[in-house]
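Below is one structure, written out as structure tokens; the observations come after it.
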Amino acid sequence: MVSNWMVILSFLAVGFPWHLVAQNTTTSESCLLGFHGDDCSRVCESDTDCSSDGSATCYSEFAFLKGYPTIPKAFACTTTSPDLVTNLIEPDSVRVRCFASEEAKAGNCSFTFGIVDYANQVACDAVECDTGGATIRCGSIGCECVSDKDCSTGSTFVKAFVSGVQGPASFTCDDAGACTLSVPEFLVPEIGVTCSTGQCVPQQEEEGEEANAPSLAYNGTSVHVGLNACLAAIPTIVLCFISVMMLLYWFKIASLFDTVQPRGMTQGVEESGGYHCLTWMNVSVWTTLSQRRNTHMIDDGDRASKRGQVARLHRTNAADSERWAIVSSCSGDAPSGEVVGVLGPSGCGKTTLLSALSGDSYGLLKTLTVSGDVCLDGAPMDPKRVAFVPQRDSLIPTMTVREQLLFTGVLKLDLSSDEVKQRAQNILDELRIEDIADEYVGGISGGERRRVTIGMALVSDPECIVLDEPLSGLDSYNALMIAMALKSLAKRGRVVLYSIHQPSDDMFNALDKVIFLAEGRVVYQGSPTGARHVLSSLDMSVEKGRPIADSIIDVLSNTETLIRIIGDTKSQTANAALDSKEEVSWKSITHRKTPGVCLQITLLFNRTFRDMWRNRSLLVLHVVISTCAGLIVGGIFYDVSLDTDGVQARYGSIFISLCFLAFTSITSIDLLIHERMVVTAEIKQGLYNGSLYVLSKLFVDGLLLRALPATLYAIPFYFMVGFMTDAGRFFSFLFVLILFNLCIGALAMLVTLCSKTAGTSLFVMNTILLLQLSLTGFLVEVDSISPVLRWIHWLSQFYYAFEAMITTEMNQNKYNLILEAPGLKSIILEDTPGEMFIDTLGYQVDRATRNICILIGYYYGFVCLCLVALYLRIHWRWRPDSSWKKKFC
């Protein structure tokens with residue numbers, strides 16, 4: 001295409017002799033079959049032109065008759081195109097002769113014409129022709145001069161003109177004889193002519209014409225706008241259908257979240273009946289170390305040093321240098337009615353021990369090995385009977401306190417709605433948070449949020465509750481309130497065990513039992529008052545005015561005194577416990593059955609929708625900005641013309657639309673980042689399936705932040721720019737735009753799930769989008785890109801969406817092609833087909849449907865990869881032995 005444009009501009013620059021118009025007639029001793037007259041320029045006009053005895057008749061309709069593969073159909077034509085064509089080709093010199101065939105691409109045609117000021121005829125042969133109707137379409141055409149095939153006697157212009165006629169061609173006529181010769185790859189893609197036609201056929205066959213009526217079918221390639229609109233709408237329809245189904249299911253269970261208590265409900269707190277006791281024996285947790293780290297921690301020349309002696313406390317077996325104990329042979333018990341506190345320096349193994357005792361519901365020990373026995377009331381511990389409260393509060397800030405408890409209760413408990421509401425009300429009363437039950441979690445104090453977290457753990461009514469530093473980060477008042485609440489829980493028959501960091505004397509003495517850890521080993525277990533013997537045995541005393549717990553922790557943090565307390569702890573009992581291949585008993589317990597898929601995804605969808613609606617600044621921003629952007633961009637490209645400038649404006653407006661929606665789609669990152677910690681904790685607890693969480697996010701994100709903004713943008717933009725207004729093209733444009741937006745939103749969610757921080761996600765997404773839009777084919781033609789990088793455009797959602805949208809708009813439309821050269825008069829080629837402009841950028845009309853299907857595949861592919869990414873993030877970890885291993889709890 002580029003070479004053709006260079007040719008025509010060179011013709012204009014040298015000054016083609018337009019004024020020379022000479023008639024060149026061609027005579028021969030005998031006319032080609034199908035033509036008559038002295039100069040062989042006439043087609044049959046009556047039966048006498050075919051035969052004098054009436055054996056043949058003249059068929060003068062433009063449609064082809066079937067069954068005459070050896071009888072040509074002839075056309076005598078004169079040019080009617082603009083001056084550029086009329087002054088190049090002799091007006092009455094165009095002759096066309098075609099042999100029809102009932103087989104596809106089996107016909108052939110010949111075209112002859114004369115060139116002004118050139119005494120030779122040009123003959124063109126077209127092969128692989130379809131002649132099924134009034135339109136002839138040929139696979140290829142080639143031309144040569146009749147007398148001298150290489151046109152050596154002609155000018156450089158004649159040679160370039162003749163050699164430029166190549167590629168596919170078509171010849172179309174209407175009933176009035178107005179015909180068009182189309183050669184898309186020629187410098188003049190369409191030549192208008194007025195023709196008469198005739199075909200001499202046997203009389204007996206002509207009489208049976210009604211039985212073989214010609215088929216007037218258009219064999220050209222076109223965009224199926226209706227089909228494309230339906231295909232592109234599939235993801236949007238699926239999202240809407242699933243959302244409606246979840247909405248209907250929500251109406252069924254919505255009464256569960258009413259704040260009004262059902263009739264007959266009584267308030268009060270639940271008592272955990274009976275006596276319970278949590279016991280553990282020789283519980284050890286260990287990991288493996290690389291040889292380098294092991295050597296750094298302790299080597300043969302450092303065994304007598306203090307550092308080496310402490311490090312040896314973590315060595316589980318002298319023969320196994322790769323085993324490193326985090327918790328070593330810990331034993332103890334925690335009876336109901338008592339509050340047991342676990343204390344020790346930072347890094348002594350408090351969280352690890354509590355995770356092991358609670359069944360590791362949060363997966364903290366997933367990459368570690370645990371051994372020993374954990375029992376509740378003498379039986380192997382059932383994780384359903386214990387609740388673990390992590391150090392951090394994992395709450396959705398836009399949910400109310402009551403909604404948090406009900407959400408957890410519905411997913412954890414197999415109870416009726418009234419029973420779940422009763423359980424939630426009991427917890428509100430038990431933890432004294434009834435007055436904030438209908439307040440948003442994001443607006444309450446830190447101590448109140450901690451009590452809400454404890455309440456969510458109590459929903460399942462566990463006999464044992466284990467808490468990891470529940471008082472950290474709170475002021476003295478809120479810490480005291482939490483301690484009193486935990487004391488109240490213990491008095492009602494529950495086992496309460498929690499770690500505490502630097503308690504005051506009042507808080508320390510309020511504990512019924514304390515356990516001090518150091519370097520993963522129990523150094524003291526008993527009453528708070530008896531803890532003083534740790535200091536007295538070392539001939540040390542508590543400084544006046546300083547909490548006793550701080551003094552003991554300081555002693556345990558000192559290497560010299562720690563070794564004096566612990567001594568040589570590598571006894572046979574410890575080694576036997578650590579060398580045991582048996583894991584703790586709770587590992588073999590089967591977790592409870594999770595609720596149904598419909599209930600899970602409906603609750604997650606509702607929570608996500610409520611979160612977005614209550615914190616709707618992002619939604620409002622999308623709606624307002626998208627509507628304004630549609631108006632502004634539509635105003636910039638307002639009512640574009642049907643000429644070369646209008647074509648360029650159409651390209652640019654669609655490209656800008658895709659860029660705008662793509663870069664606003666990275667807000668999907670915000671949906672996941674701010675609640676990642678909450679979701680991770682809930683999935684590890686088994687509240688719901690992680691894949692359903694991702695799907696609920698994709699549903700809400702797709703409907704409210706992708707489909708809705710794209711629609712609000714497209715409606716004013718489309719009609720202001722002046723695109724084709726028929727319904728099929730509009731809906732095809734709209735749904736392709738929505739589909740593209742859904743793809744980028746799902747891609748952003750995938751990148752977020754694979755990234756650790758929001759900054760990383762933004763950087764990766766911006767890089768991907770910039771790379772994709774540079775390979776759209778608009779900024780640089782794809783065929784001109786180096787083959788080393790050209791393949792990347794197949795990964796660009798911009799490319800598929802842009803090609804589908806531009807071909808839908810411009811296919812089967814006519815535009816005025818304006819040819820301009822400096823110092824010369826502009827030439828306007830009217831009614832230039834839009835397919836020529838499409839082909840200029842290397843696009844193809846027949847790929848629109850394919851592109852939409854590829855975009856659909858990309859969208860659902862990204863959805864599946866999101867599910868895989870979340871699964872790997874939750875269940876897989878990198879192990880020190882440099883291999884991927886999966887360890888289920």
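- Distance CG/Leu405 to OG1/Thr400: 8.5 Å, rounded to 0.5 Å.
- A distance-only check finds no donor-acceptor pair linking the side chain of Glu682 to the backbone of Tyr688 [under 3.5 Å].
- Interatomic distance, Trp280 CH2 to Ser331 OG, rounded to the nearest 0.5 Å: 9.0 Å.
- A donor-acceptor pair shorter than 3.5 Å can be found between the side chains of Gln422 and Asn426.
- At least one donor-acceptor pair closer than 3.5 Å links the side chain of Arg423 to the backbone N or O of Val459.
- Under the 3.5 Å distance criterion, the side-chain polar atoms of Arg873 are matched with a main-chain donor or acceptor of Ser755.
- Checked by atom type and distance alone, the side chain of Gln600 pairs as donor or acceptor with a backbone atom of Asn689 at under 3.5 Å.
- More than 12 heavy atoms of other shown residues, nucleotides or ligands fall within 6.0 angstrom of atom CE in Met677.
- Using the six-membered ring where Trp is involved, Phe516 and Phe508 have ring planes that are tilted, between 30° and 60° apart.
- Note that the OG atom of Ser328 and the CG atom of Asn282 stand 10.5 Å from one another [nearest 0.5 Å].
- Under a cut-off of 6.0 angstrom, the local environment of CZ in Arg392 is sparse, with at most 12 non-hydrogen atoms contributed by other residues, nucleotides or ligands.
- Residues Asp506 and Ser504 bring no donor and acceptor atom of their side chains to less than 3.5 Å of each other.
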Can Val441 and Glu403 be said to form a side chain to side chain contact (heavy atoms under 4.5 Å, CB included), step by step? CA-CA 10 Å; Val441 172; Glu403 287 171 350; over 6 Å; no
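- Looking at every heavy atom in both residues, Cys754 comes nearest to Ala869 through SG-CB, 3.9 Å.
- A salt bridge links Arg494 with Glu430: the distance from a Lys NZ or Arg NE/NH1/NH2 to an Asp or Glu carboxylate oxygen falls below 4.0 Å.
- Remark: Glu469 CD to Leu343 CG distance equals 9.5 Å, nearest 0.5 Å.
- Smallest separation of non-hydrogen atoms from Val496 and Tyr498: CG1-CD2, 4.0 Å.
- Exactly one residue among Leu395, Ile427, Leu428 makes a side chain to side chain contact (heavy atoms under 4.5 Å, CB included) with Val452. That residue is Leu395.
- Residues Pro390 and Phe388 approach most closely at CD-O, 3.7 Å, considering heavy atoms.
- Between the Ser499 side chain and the Val342 main chain, no donor and acceptor come within less than 3.5 Å of each other.
- For the pair Ser696 and Phe605, the tightest heavy-atom approach, listed with the atom from each and the gap, is CB-N, 3.8 Å.
- Here the side chain of Ser488 pairs no donor or acceptor atom with the backbone of Met484 at under 3.5 angstrom.
- Under the 3.5 Å distance criterion, with hydrogens and angles disregarded, no donor-acceptor pair is assigned to the side chains of Arg449 and Thr453.
- Considering Leu431, Leu474, Leu467 in turn, Leu474 is the only one that fulfils the side chain to side chain contact (heavy atoms under 4.5 Å, CB included) rule with Ile482.
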With side chain to side chain contact (heavy atoms under 4.5 Å, CB included) as the test, would you mind laying out the steps for Leu867 and Leu695 before giving the verdict? CA-CA 8 Å; Leu867 303 181; Leu695 292 177; 4.3 Å; yes
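- Distance check: Ile433 CD1 to Glu448 CD gives 8.5 Å after rounding to the nearest 0.5 Å.
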Check the pair Glu463 / Asp377 against side chain to side chain contact (heavy atoms under 4.5 Å, CB included), numbers first and verdict last. CA-CA 10 Å; Glu463 288 93 347; Asp377 299 336; 5.5 Å; no
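- In this structure, the side chains of Met507 and Leu471 come closer than 4.5 Å at one or more pairs of heavy atoms.
- Considering all non-hydrogen atoms of both residues, Gln525 and Ile515 come closest at CG-CG1, 3.8 Å.
- A salt bridge does not link Lys350 with Asp468: none of the charged nitrogens is closer than 4.0 Å to a carboxylate oxygen.
- Looking at Asp333, its side chain never comes within 3.5 Å of a backbone N or O of Leu278 through a donor-acceptor pair.
- The backbone N or O of Val339 sits less than 3.5 Å from a side-chain atom of Asp512, completing a donor-acceptor pair.
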Quick one: do Arg607 and Leu604 satisfy side chain to side chain contact (heavy atoms under 4.5 Å, CB included)? Show the steps, please. CA-CA 5 Å; Arg607 185 176 75 170; Leu604 290 168; 4.0 Å; yes
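- Nearest heavy-atom pair, Cys330 versus Arg521, reported as atom, atom and distance to 0.1 Å: SG-CA, 4.5 Å.
- Considering Ile326, Val285, Val327 in turn, Val327 is the only one that fulfils the side chain to side chain contact (heavy atoms under 4.5 Å, CB included) rule with Leu353.
- The shortest side-chain heavy-atom distance between Pro470 and Leu486 falls under the 4.5 Å cut-off.
- Interatomic distance, CE of Met456 versus CG of Leu687, reported as 7.0 Å (0.5 Å rounding).
- Taking 4.5 Å as the limit, some side-chain heavy atom of Glu675 sits within range of a side-chain heavy atom of Lys697.
- Using a 4.5 Å heavy-atom cutoff, the side chains of Leu376 and Val386 are not in contact.
- We find that Asp461 and Lys412 are not joined by a salt bridge, their nearest charged nitrogen and carboxylate oxygen being 4.0 Å or further apart.
- Looking at Asp505, its side chain does come within 3.5 Å of a backbone N or O of Ile548 through a donor-acceptor pair.
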